[in-house]
Amino acid sequence: MTLLSTIAEHYNYVITILVMMTGLYIVIASGNLIKKLIGLSVFQTSIYLLFISPGKIIGGTPPILDPSFAVYSNPLPHVLILTAIVVGVATLALGLALAVRINEEYGSTEEAEIVRQDEQT
Amino acid sequence: MSGLMAQLPALQVVVPLLGALVAALINHRAFNYWLALAASWASLAIAAGLTLQVLDGGTISYAIGGWEPPWGIEYRVDELSAFVLMLVSAVGAAAMPFARRSVAQEIEEHRQGWFYSVYLLCLAGLLGIAITGDAFNSFVFLEISSLAMYTLIALGKDRRAPVAAFQYLIMGTIGATLYVAGIGFMYLATGTLNFADLSTRIEPAMADYSRTIVTALAFLTVGVSLKLALVPLHMWLPNAYAYAPSFVTVFIAATSTKVALYLLIRLFFSVVGLELAFSALPLTDVLVVLSVVAMFAASVVAVFQTDIKRMLAYSSLAQVGYITLGIALANHSGLTGSIVHLFNHALMKAALFMVLGAVFYRTASVQLDDLGGLWRKMPLTTAAFVVAGLGLIGTPGTAGFISKWYLGVGALEVPGGWILVFLIVASSLISVVYIGRVVEAALFRPVAPALENATDPPATMMVPLLVLAAAVIWFGIDTRLNAGIASRAAAMLLGGPGS
């Protein structure tokens with residue numbers, strides 16, 4: 001019971017950990033460059049959730065001063081994560097561009113095939 | 001004029017960043033080169049101006065856009081930042097004259113304009129990390145410089161260059177993501193992102209959030225360690241250095257790991273503070289062991305390399321070990337050794353990789369077998385290699401000796417430190433072997449077929465090379481500038497958080 005309530009109270013953080021480990025596992029376990037990039041994106045996404053979660057307060061309003069509201073949500077995490085999303089998109093784009101070049105050179109995006117070709121030369 | 005002097009912290013980043021943008025828009029090969037050269041030299045001048053201001057008047061705080069810290073982003077220049085700014089911009093300024101012919105030969109013509117644009121972006125990112133006083137801002141600059149670096153490495157001629165860049169991208173992004181997760185935890189516990197503000201708020205927050213803060217510190221340490229290639233998180237480095245274009249290897253080998261090391265020193269000593277950093281986590285034990293492993297394992301692997309660029313890459317891993325060892329000692333001499341070695345190692349590695357760049361320019365090879373009799377064909381280049389190599393070993397009279405001297409003195413101050421001193425000397429002896437192999441081939445072997453028509457490179461490559469080699473000796477004898485500032489920086493860092 002206590003375990004269940006702990007999970008329920010920290011639901012966002014539990015999901016963060018799950019998403020983070022899923023992403024990291026994909027990066028490590030898959031031998032395909034594109035799948036690695038997908039894993040990397042999933043991994044980064046967990047951080048967005050980590051930042052956004054504490055920024056939301058139940059019953060909180062946007063931080064515009066008004067006498068009728070007392071509780072405000074913190075907007076800063078959202079702003080930070082907008083930046084982090086941009087960084088993530090740029091990383092993914094660059095990673096895909098590199099994968100295209102690797103595919104042109106080796107005719108494959110499988111890590112095993114690339115290693116095999118390198119060992120032959 | 002005084003108005004302009006007050007804006008120097010912002011200009012330090014804005015000049016190369018705007019340069020990158022203009023270069024990308026104009027995208028003309030020759031124009032971009034001269035623009036990159038001008039921006040690099042202007043960065044050095046700005047860094048020198050900032051250093052003089054800091055040495056005179058103490059820490060500079062600059063509020064970006066007029067938003068007062070801790071709410072706005074603060075640029076903060078103290079002795080340590082100024083030292084790293086000087087390091088990065090000096091390497092950039094020294095490498096740029098070298099770049100022209102090297103890049104013209106190694107990069108496809110239609111990509112050269114872009115190349116200089118990305119280089120400036122990388123420079124802006126590295127300078128930004130060193131100057132910013134904001135945790136999240138440091139993450140953004142870390143990623144700006146890293147993304148630019150992946151691009152630069154992928155432009156290498158070898159088909160393995162994009163693969164090396166891809167590996168680096170995966171490892172580097174994991175490192176940066178862990179770093180930003182650490183910042184997130186710190187923000188959760190303290191409600192601030194400003195380094196100086198963090199340093200005062202962490203201790204009171206420890207009462208309620210000690211587990212969050214310790215977790216944050218663990219994430220930050222592992223994240224930054226990936227970027228600085230601490231063994232065993234170094235897998236990306238040898239390939240990246242070996243397959244990158246010559247100029248890129250010179251630049252990133254001298255700057256990228258150094259800036260990450262700067263970030264580690266900044267976090268441990270001025271943000272989290274000495275007591276907390278070294279008591280909450282078993283950092284001393286872990287860092288000392290990993291540093292010693294790096295010093296030995298990487299040096300031994302270096303001995304067996306036939307590609308000299310790759311050999312020097314492994315040597316860089318060993319040198320990172322010396323620097324992290326000094327950080328782990330956490331006393332004044334050890335930390336001075338670490339900080340001064342940031343600079344000295346940058347100098348020596350830039351010179352060594354420039355030698356290889358010059359050899360590659362003439363022979364299109366950096367294999368050991370193709371370096372036989374180098375002395376007879378490229379005497380000045382070989383002389384520069386010998387001087388920088390002696391520096392790397394730590395021979396008295398060179399810059400490398402100064403770093404190892406401080407490290408040794410620092411090691412003696414901790415209990416059982418004589419073992420560390422012995423290990424420092426023993427690992428230096430291994431570097432005698434791998435540098436010696438190259439020197440032996442260059443001096444005593446018959447001239448290799450690849451070198452038949454080689455001569456010393458043109459003056460634009462030769463002059464920066466000789467200047468760096470001369471600096472290796474200069475900073476080994478007159479240590480006021482490097483060890484002097486490093487010692488002041490170490491004293492400031494050990495003065496406690498926030499001071």
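Reminder, nothing fancy here: chain letters follow the sequence lines and each chain counts from 1. Heavy atoms only: backbone and side chains are in, while hydrogens, waters and symmetry mates are out.
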So for atom CE, which belongs to Met206(B), do other residues, nucleotides or ligands contribute more than 12 heavy atoms lying within a distance under 6.0 Å? yes
Note: vs chain A, highest number of non-hydrogen pairs under 4.5 angstrom among Gly191(B), Ala176(B), Ala181(B) is Ala181(B)
If one checks every heavy atom of Ile144(B) against chain A at 4.5 Å, the contacting part turns out to be neither
message: Does any part of the side chain of Leu40(A), heavy atoms only, come nearer than 4.5 Å to the side chain of Leu169(B), both counted from C-beta?
response: yes
If you check both backbone and side chains, which donor-acceptor pairs between chain B and chain A fall under 3.5 Å?
from: Ala154(B); atom 1: O; to: Arg101(A); atom 2: NH1; distance (Å): 2.9
from: Arg159(B); atom 1: NH2; to: Glu105(A); atom 2: O; distance (Å): 3.0
from: Arg159(B); atom 1: NH2; to: Gln117(A); atom 2: OE1; distance (Å): 3.1
from: Tyr187(B); atom 1: OH; to: Asn74(A); atom 2: ND2; distance (Å): 2.7

Max heavy-atom pairs within cutoff under 4.5 Å with chain B, candidates Leu50(A), Leu76(A), Leu94(A), Val27(A), goes to Leu94(A)
So, the part of Leu80(A) with a heavy atom under 4.5 Å from chain B: the answer is both
If one checks every heavy atom of Phe51(A) against chain B at 4.5 Å, the contacting part turns out to be side chain
Of the listed Leu24(A), Val86(A), Leu33(A), Leu37(A), the one with the largest count of heavy-atom pairs under 4.5 Å with chain B is Leu33(A)
Residues 118-129 of chain B vs side-chain hydrogen bond (donor to acceptor under 3.5 Å, both in side chains), sequence neighbours excluded, gives Ser40(B)-Tyr119(B)
Taking every heavy atom of Gly95(A) against every heavy atom of Phe166(B), the minimum-distance pair comes out as O-CE1, 3.7 Å
Heavy atoms of Ala90(A) and Leu147(B) approach each other most closely as CB-CD1, 3.8 Å
Okay, Phe136(B) and chain A: the region with an atom under 4.5 Å from a heavy atom over there is side chain
So, the part of Val140(B) with a heavy atom under 4.5 Å from chain A: the answer is side chain
So, the part of Leu188(B) with a heavy atom under 4.5 Å from chain A: the answer is side chain
